Amino acid sequence: FHLFLSCLFMMLPFYHIPFVLRRHYLKRGELQKSGIPVYEQQHAITNCRTFRFYIGEEKYRGLKRFTVQPNDIIISCSGTIGKVSMITESDPVGIISQALLILRCNTDMILPRYLYYFLISATGFHSITSVSSGSVQVNIAKRAVIENIDIPYFSLDIQEKIVSVLTALDNKVKLNQKINENLERQVAAIFDMWFVNLSATNGNIPADWMEGTLGEVANITSGKRPPMKQVSPTQEVTIPLVGAASIMGYTNQALYNEPILVTGRVGTHGVIQRFQTPCWTSDNTLVIKSIYYEFVYQILQRIDYKNMNRGSTQPLITQTDLKNCHIMLPPTEWLQKFEALAGSLMAKYEANRIENMCLAKLRDELLPKLMSSEIDISTVQC
């Protein structure tokens with residue numbers, strides 16, 4: 001069955017927020033460093049819950065209608081549009097910025113997570129992006145863009161079964177992510193014990209350790225402009241296009257197919273990305289290769305990138321800046337021992353990461369089949 005989302009909106013409570021009104025109320029001068037969190041576009045795009053801006057209690061009282069609630073879906077509606085995230089019970093109370101829309105379901109009619117899964121599917125994403133507007137900066141200029149999206153509609157029990165199948169995959173992904181976070185903490189703790197706190201040498205720097213630079217243990221180059229790029233992967237275009245902080249799209253060729261570390265050259269600084277599968281690094285990145293991959297990864301996590309920035313209007317770090325970063329260099333045998341220990345732990349990390357990519361791909365392949373009734377979900381026991 002298919003039902004226009006606009007028909008659902010007659011039954012679903014929805015925030016009808018004019019764009020002008022939202023931009024009027026969220027002036028930069030009214031933003032603070034503490035108080036009530038402001039959900040920004042990044043919270044829909046990356047699903048993160050780190051906040052940059054807040055508003056005071058007095059301002060919040062006038063903006064309560066923009067407050068997110070558990071099971072709300074937030075959608076990025078300006079610039080990078082169509083990215084969605086779901087608000088959970090553990091997320092803090094806050095308001096949305098002008099770059100977001102809120103969808104709130106009447107659960108007697110549609111399950112929030114079912115709508116969420118539709119919106120993250122290729123069909124849902126294309127439905128939003130194909131009817132957006134803006135010649136310079138793309139945006140969802142009218143609520144009708146969302147209201148008139150055609151979605152597959154099932155009874156609540158069928159929706160529940162579809163959600164149960166997809167949630168099982170997502171829960172495994174989350175479990176792998178938690179395991180990986182623990183593995184990263186273990187490796188970081190070992191690095192600190194050996195090379196920062198010097199616990200293994202009674203707090204003393206051994207005589208055979210030397211002061212050096214990052215360039216002595218790592219090769220650092222810049223990324224390149226890709227031959228082509230698109231937002232989503234297809235059968236022909238599958239290579240991740242790596243930006244300064246995340247995968248920013250996909251291209252049809254690989255620039256690297258070996259273990260590399262990637263950080264921002266222009267724009268975002270301090271995010272260190274690991275890649276050991278084919279990828280293309282954009283010209284906004286610096287690419288680091290080393291036989292001491294894990295040691296260099298830990299060094300990169302601890303560099304003060306703010307003081308290294310030489311850009312006046314846009315943050316900039318050069319290859320030379322990074323190569324000349326001063327570090328303490330232990331002898332080769334220390335580096336090799338750390339690499340073996342850290343490498344064994346991070347091999348499990350990499351295996352989990354690859355499994356998560358496969359699970360995400362499986363979920364994306366199941367989504368359209370479940371929502372088109374190509375797969376009969378009615379006999380599944382939840």
Side-chain angles (χ1 to χ4, degrees), residues 5-6 8-9 12-88 91-105 112 115-116 118-120 124-149 231 243-246 248-249 267-268 313-315:
L5 197 56
S6 56
L8 287 178
F9 287 172
L12 302 178
F14 221 86
Y15 277 161
H16 297 177
I17 309 171
F19 276 80
V20 174
L21 176 64
R22 289 187 297 158
R23 286 176 176 160
H24 171 72
Y25 279 112
L26 290 176
K27 296 178 179 178
R28 182 166 291 272
E30 297 169 329
L31 299 175
Q32 305 175 173
K33 294 183 178 180
S34 62
I36 308 298
V38 176
Y39 283 79
E40 299 180 83
Q41 190 181 56
Q42 63 175 340
H43 297 110
I45 295 173
T46 66
N47 203 36
C48 71
R49 292 297 183 261
T50 302
F51 296 90
R52 298 188 304 164
F53 301 119
Y54 302 80
I55 57 171
E57 288 287 348
E58 183 177 352
K59 188 68 179 177
Y60 175 65
R61 284 194 290 271
L63 299 175
K64 278 192 174 182
R65 61 190 180 281
F66 305 125
T67 303
V68 299
Q69 299 178 16
N71 292 322
D72 279 353
I73 297 170
I74 55 175
I75 304 182
S76 59
C77 61
S78 179
T80 302
I81 68 167
K83 298 296 185 179
V84 303
S85 179
M86 196 164 184
I87 304 298
T88 67
D91 289 331
V93 173
I95 66 166
I96 59 170
S97 72
Q98 64 270 24
L100 295 174
L101 292 175
I102 292 178
L103 279 70
R104 182 170 298 156
C105 294
L115 181 57
Y116 164 79
F118 169 73
L119 291 172
I120 67 172
F125 181 73
H126 178 72
S127 297
I128 296 173
T129 57
S130 63
V131 290
S132 58
S133 63
S135 57
V136 178
Q137 183 169 7
V138 180
N139 64 83
I140 302 173
K142 299 179 180 178
R143 276 181 38 246
V145 169
I146 302 295
E147 292 175 348
N148 290 322
I149 291 176
V231 175
S246 64
M248 56 187 291
T268 303
T313 57
Q314 188 172 24

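Only a predicted model underlies this, so the values are computations on that prediction, with no experimental measurement involved.
Across every non-hydrogen atom of C48 and H43, the tightest pair is O-CD2, 3.1 Å. Summarising the geometry of I74 relative to Y39, their closest heavy-atom pair is CD1-CD2, 4.3 Å, with the distance given to 0.1 Å. The shortest non-hydrogen separation linking A244 to T268 is CB-O, 3.7 Å. A pairwise comparison of heavy atoms in S97 and V38 identifies CB-CG1, 4.0 Å as the closest pair. Considering every non-hydrogen atom in both L115 and C105, the closest pair reads CD2-SG, 3.5 Å. Contact detail for M248 and G243: the closest heavy-atom pair is SD-CA, 3.5 Å.
Here the straight-line distance linking atom CD of E58 with atom CD1 of I36 works out to 13.0 Å at 0.5 Å rounding. Note that NZ of K83 and OG1 of T46 are 11.0 Å apart. Values are rounded to the nearest 0.5 Å. Atoms CG and CZ, on N71 and R104 in that order, are 10.0 Å from each other to the nearest 0.5 Å. Separating the CD1 atom in I120 from the OG atom in S85 is a distance of 10.0 Å, to the nearest 0.5 Å. Atom CD1 of I73 and atom CZ of F118 lie 11.0 Å apart (nearest 0.5 Å).
Side-chain contact between E40 and F51: absent, with no pair of heavy atoms (C-beta onward) separated by less than 4.5 Å. No side-chain heavy atom of Q32 sits less than 4.5 Å from a side-chain heavy atom of K59. With contacts defined as side-chain heavy-atom distances shorter than 4.5 Å, the pair L119/L103 qualifies.
Residues satisfying the side chain to side chain donor-acceptor pair (under 3.5 Å) criterion with D91, sequence neighbours excluded, are R49, T88.
Here the options are I95, D72, I87, I75, the test is side chain to side chain contact (heavy atoms under 4.5 Å, CB included), and the partner is I102; only D72 passes.
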